[in-house]
Student: 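Below: one structure in C-alpha cells.
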Amino acid sequence: MLRLLSRAIVRQTCSSNGGRMPSVQPKKLKGRMFSVQAALPKYPVAPLEQTMKKYLKSLEPLLSEEEYRHTEKLCKEFQNGVGKTLQNKLLERAEKRDNWLSDWWRSVAYLGFREPVVINSNPGVLFPKADYNDIQGQLTYASRLIAGLLDYKVMIDEQTLPVEHLGKNPLCMMQYFQVLAACRIPLEKHDDWTCYPPDRPGAPKHITVIYNNNIFEVPVYGGDSKPLTTSQVRDQLSEVVKQGATAGEPIGLFTMEHRDNWANVYKKMIQDKTTKAALESVQRSIIVLCLDKSNNTMTDARTVSGHQMLHGRGSSYHTGNRWFDKTIQFIVGEDGYSGLNYEHTTAEGPPIIHLMDHCMKYISSGKDWSPATDVKPPTKLQFNLTQDVSDSLIHAKENADRMVSDLDLKVFVFDEFGKNFPKSQKVSPDSFIQNALQLAYYRHHKKTCGSYESASIRMFQLGRTETIRSCSTESLEFTRAMMDSNVSKQRKAELLRRAIDSHKQYTNDAISGKGIDRHLLGLKLTAAENNMEIPELFKDPAYTFSGSWRISTSQVPAKSESVLFFGPVVPDGYGFCYNPQEKCILFGVSSYKSNSVTLPAAKMAELIQDSLRDMRDVLAATMKANL
Ligand code: COA
C-alpha cells in the first residue's frame with residue numbers, strides 16, 4: 001500500500017539492520033504454497049528511457065507548460081548523465097539478489113518510518129456484522145474466530161495453502177508465511193521486526209488476549225500439541241474476562257506513539273526482567289485478540305466500528321486495549337461488530353484478507369477440532385512500570401487522543417451496482433472506480449492531484465507493490481467534460497472509456513514490472529547508498545509534488561462483505577479503500593478534520609456515490625443510443 005513513501009524517503013537512507021525474515025524451507029508440494037516459488041521471475045529493473053518517458057507522461061495533467069519543460073530538461077540530463085551510472089549499479093544489485101527492492105522497501109517504507117504506525121500505516125478492517133449483542137455472544141464469536149485461525153494455520157504450517165493467482169499468473173506466497181507469530185519492535189531511528197515461523201523448534205503455541213487493558217498469554221494448543229476446540233478456547237477467554245475484571249494500565253497506548261518516543265520507553269521497560277518477558281510473550285504470540293467493551297453508540301454503527309478497528313476510538317474507549325506493533329490483531333466487540341488491525345511491514349492486504357475470509361467461512365461451517373488434552377490456563381502478563389515510564393504513558397494518552405480526534409472516516413456500502421455494471425459495459429471495474437474517485441475529487445477541488453493506487457507485483461519473487469498513478473491526461477479530460485454541461489453524454493462516455501483504458505494500461509504495466517515509482521526510488525536509493533549527490537531530478541518540485549498522494553487508494557477485495565480503510569498520507573489528502581463485490585461496493589473514506597482544504601469524509605463519500613451514478617448514466621445512455 002505504501003503511500004507513505006514520499007514522506008519517509010526524504011528522511012531515511014538505506015539502513016539494512018532491521019527485520020529478520022523467516023528462513024523458510026520451501027516444500028514443493030504440487031500446486032501448494034511454495035511449489036512455484038523458485039520458478040517465479042525476478043523483479044526486473046526497467047529500461048531507463050522507458051521510465052523517463054512514462055514519468056513525463058504522468059506529469060502532464062499535474063504541471064504547467066513551463067514546469068513540464070523544466071522537468072523534461074532534467075529528465076534528459078539525468079538519462080544522458082548520472083542516470084546511466086545509477087542504472088548500471090542498480091542492475092548489478094538486481095543481479096546479486098532475489099529482489100533488488102524488497103530489503104530497501106521494508107526498511108525505507110516501513111521500519112524506518114518514524115510517525116505512529118496507527119492511522120499512518122496500519123490499516124483497519126471491518127468484518128460483516130455478526131448476530132450477537134452481549135459478552136456471551138462476543139466470547140463465542142471470538143472462540144470461533146480463533147478456531148478458524150488455527151484451522152488456517154495448519155495450511156501455513158504444512159505449506160499446503162494453494163498458490164494465489166493474478167489472472168493466470170502464480171504469485172509469490174512469502175507474505176503468507178510472515179503474518180503469524182510476527183511483530184514490529186521499536187528501536188531508535190529504525191525499528192526491528194521479528195517472526196517465529198512454524199518450522200522452527202519451539203514455535204509459539206499461544207495467542208495474546210487483551211481485555212480491559214489487561215494483557216494475557218493464552219495457550220491455544222494442548223500439551224498434546226493439538227489445537228483447542230471452540231469450547232476450550234471459550235473457556236480460556238472466560239477465564240481472561242474473570243481475571244481481567246479490574247482495568248489494567250493502558251500500556252498498549254505506547255504502540256500508538258511516534259516510533260522514537262516508543263523506542264525510548266521500550267528501552268527502559270526491558271530493563272525489568274519480568275516486563276521484558278511479558279513483552280516477548282506478546283511478540284512471540286500467534287496473533288493478538290482484543291476483546292472490546294461496548295461502543296455505547298450505534299448511530300452509523302459501521303463508521304463508529306471502523307474507527308474502533310483503525311485506532312480504537314481513543315483512550316476512553318479501546319485504544320489502550322491494543323498492541324499496534326503486532327502484525328495481526330483481531331478485534332471483537334460486544335455489539336456484533338468485529339474486525340482487525342494489521343501492521344504493514346511484511347504484508348499487503350490480500351494475505352490478511354485471505355486469512356479473514358477463511359475464518360469467516362469457518363465460523364459458519366460448524367466444523368471443530370477434537371478436544372486437546374493438558375490445556376494450560378491463561379497467564380496475566382506482569383508489567384512493572386517505573387515512575388518515568390508511567391509519566392510517559394500520560395503523554396502517550398494525550399498524543400493518541402489528539403490523533404484520534406483529528407481522523408474523519410466514513411465506512412459505507414454503495415449498493416446500486418457493483419462489478420456487474422462495468423463488466424456489462426466491457427470495461428474494467430477497478431479502472432471504472434478509480435475514475436469515479438478522480439471525478440469525486442475534481443467535483444470539489446476543481447483540479448486533480450497526485451493519485452496512488454497499489455498494484456501487486458507479487459508475480460515476481462518477494463514482490464510487494466508498485467504505484468498506479470491513477471491521474472492521467474485522459475482522466476483529467478474526462479473529469480473536466482463531466483463538469484461541463486455543454487459536452488454531450490456520448491462524448492462524456494467516449495472520454496470515460498478512454499480514461500478507463502489508460503488506467504487499465506497503466507495497471508497492466510505496473511503489475512508486470514513496467515511501473516515507474518519503484519524504479520525511480522531504486523535509482524535515488526542507489527545514489528544515497530553510494531554516497532553520491534542526490535540527482536537534480538529528485539530535488540525537482542515536480543518529483544515531490546507528483547508523489548504527494550492527495551488521493552491514496554487501494555482495492556482490497558474480499559469474499560465476505562468486509563472493508564478495509566486507512567488514513568490519508570498527506571494532511572490535505574484522502575484515503576480511499578474499496579472492496580468491489582458483484583452487486584455492491586464497500587468503501588472506507590478518510591480525511592483529516594484539521595485540514596481546511598479537504599472535505600469531511602461523509603461529504604466526500606456522497607461525491608463518490610454521485611460520481612458512480614453519473615458515470616453509470618452516461619455509459620448506460622450511450623449503450624442504449626448505440627443499440
Ligand atoms: N470487460 C469485462 N470484464 C472485465 C473487463 C472488461 N473489459 N476488465 C476486467 N474485467 C473483469 C475481470 O475479469 C475480473 O473478473 P472477476 O470478478 O470474475 O475476477 C474483474 O472484472 C475485476 O477486474 P479489474 O477490475 O480489472 O481488476 P483486477 O482484479 O485486475 O485488479 C488491481 C486490479 C490493480 C486491484 C490488481 O491488479 C492488484 O494489483 N491487486 C492488489 C492490490 C493490493 O495489493 N492491494 C492491497 C494493498 S494493502
Side-chain angles (χ1 to χ4, degrees), residues 1-5 105 109-110 117 120-125 164-169 171-176 179 310 327-328 340-356 417-437 451-460 463-470 496-515 517-518 549 552-559 562-567 569 575-585 588 612 619 623:
M1 186 164 305
L2 227 289
R3 310 156 301 268
L4 305 164
L5 200 61
W105 188 248
Y110 295 105
V117 290
N120 293 310
S121 174
N122 286 23
V125 179
E164 194 187 339
H165 286 73
L166 188 62
K168 286 190 185 137
N169 299 300
L171 300 183
C172 173
M173 295 297 285
M174 195 53 86
Q175 293 187 23
Y176 285 83
V179 295
L310 188 58
T327 303
I328 296 184
L340 62 83
N341 183 288
Y342 76 90
E343 201 287 315
H344 215 322
T345 300
T346 50
E348 266 66 58
I352 310 286
I353 294 298
H354 194 262
L355 159 65
M356 179 209 71
F417 59 86
K419 288 193 281 186
N420 55 351
F421 175 73
K423 280 185 189 176
S424 74
Q425 300 292 313
K426 306 275 181 280
V427 296
S428 150
D430 186 67
S431 303
F432 182 90
I433 296 167
Q434 282 292 325
N435 276 287
L437 300 178
S451 309
Y452 180 113
E453 182 188 3
S454 321
S456 173
I457 45 171
R458 285 175 49 220
M459 264 155 54
F460 304 101
R464 296 287 303 261
T465 59
E466 170 60 285
T467 308
I468 301 168
R469 292 190 167 209
S470 289
L496 171 54
R497 285 182 186 277
R498 266 183 45 194
I500 288 175
D501 287 349
S502 158
H503 180 271
K504 190 65 193 173
Q505 182 57 52
Y506 203 121
T507 302
N508 289 339
D509 283 353
I511 62 176
S512 54
K514 296 181 211 133
D517 281 278
R518 302 302 177 265
W549 313 115
S552 166
T553 77
S554 193
Q555 179 190 146
V556 182
K559 289 203 172 79
S562 304
V563 59
L564 190 143
F565 28 80
F566 41 76
V569 295
F576 297 130
C577 193
Y578 49 95
N579 169 14
Q581 305 256 302
E582 216 44 42
K583 293 188 181 162
C584 67
I585 311 168
L612 287 166
L619 286 187
M623 180 93 167

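Order of listing sets the numbers, starting from 1, for every ligand and every atom in it. All values reported here derive from a predicted model rather than from experimental measurement.
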Student: Below 4.0 Å from ligand 1: does a non-hydrogen atom of Arg458 turn up there or not?
Tutor: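 Heavy atoms of Arg458 never come under 4.0 Å of ligand 1.
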
Student: Output the list of atoms in ligand 1 that are nearer than 4.0 Å to some heavy atom of Ser554, sorted by atom number.
Tutor: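 So the answer, numbered in order with elements, is 45 (N), 46 (C), 47 (C).
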
Student: If the test is side-chain contact (heavy atoms from CB on, under 4.5 Å), which one of Ile353, Leu355, Ile352 qualifies with Leu340?
Tutor: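 Looking at Ile353, Leu355, Ile352, the match for Leu340 under the side-chain contact (heavy atoms from CB on, under 4.5 Å) is Ile352.
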
Student: Within the 4.5 Å heavy-atom criterion, are Leu612 and Phe432 side-chain neighbours or not?
Tutor: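 Leu612 vs Phe432: side chains touch.
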
Student: Regarding Gln505 and Asp501, is there a side-chain donor-to-acceptor distance under 3.5 Å anywhere?
Tutor: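 No, no side-chain donor-acceptor contact under 3.5 Å.
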
Student: Is it true that Tyr578 and Gln434 share a donor-acceptor pair across their side chains at a distance under 3.5 Å?
Tutor: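 Their side chains do contain a donor-acceptor pair, which is all the 3.5 Å distance test asks for.
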
Student: Out of Ser431, Pro351, Ser456, whose heavy atom sits nearest atom 41 (C) of ligand 1?
Tutor: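 The option holding the nearest heavy atom is Ser456.
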
Student: Where the closest heavy atom to atom 18 (O) of ligand 1 is concerned, which of Lys419, Gln555, Lys423 has it?
Tutor: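 The nearest heavy atom belongs to Lys423.
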
Student: Output the list of atoms in ligand 1 that are nearer than 4.0 Å to some heavy atom of Ser428, sorted by atom number.
Tutor: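 Listed by number with element, the hits are 5 (C), 7 (N), 8 (N), 9 (C), 24 (P), 25 (O), 26 (O).
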
Student: Numbering the atoms of ligand 1 from 1, which are under 4.0 Å from a heavy atom of Val427?
Tutor: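 Every atom of ligand 1 under 4.0 Å from some heavy atom of Val427: 1 (N), 5 (C), 6 (C), 7 (N).
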
Student: Less than 4.0 Å between a side-chain N and a carboxylate O, is that true for Arg458 and Glu164?
Tutor: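 Arg458 and Glu164: salt-bridged.
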
Student: Mark yes or no for whether Tyr342, through its side chain, and Gly349, through its backbone, hold a donor-acceptor pair below 3.5 Å.
Tutor: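 Side chain of Tyr342 to backbone of Gly349: a pair is present.
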
Student: Give a yes/no on ligand 1: does Tyr342 have at least one heavy atom closer than 4.0 angstrom to it?
Tutor: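 It does, in that a heavy atom of Tyr342 comes within the 4.0 Å cut-off of ligand 1.
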
Student: Kindly confirm or rule out an N or O of Glu453 lying under 3.5 angstrom from an N or O of ligand 1.
Tutor: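 No, since none of the N or O atoms of Glu453 sits under 3.5 Å from an N or O of ligand 1.
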
Student: Can you confirm, on distance only, whether ligand 1 has an N/O atom lying under 3.5 Å from any N/O atom belonging to Glu348?
Tutor: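 There is no such contact.
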
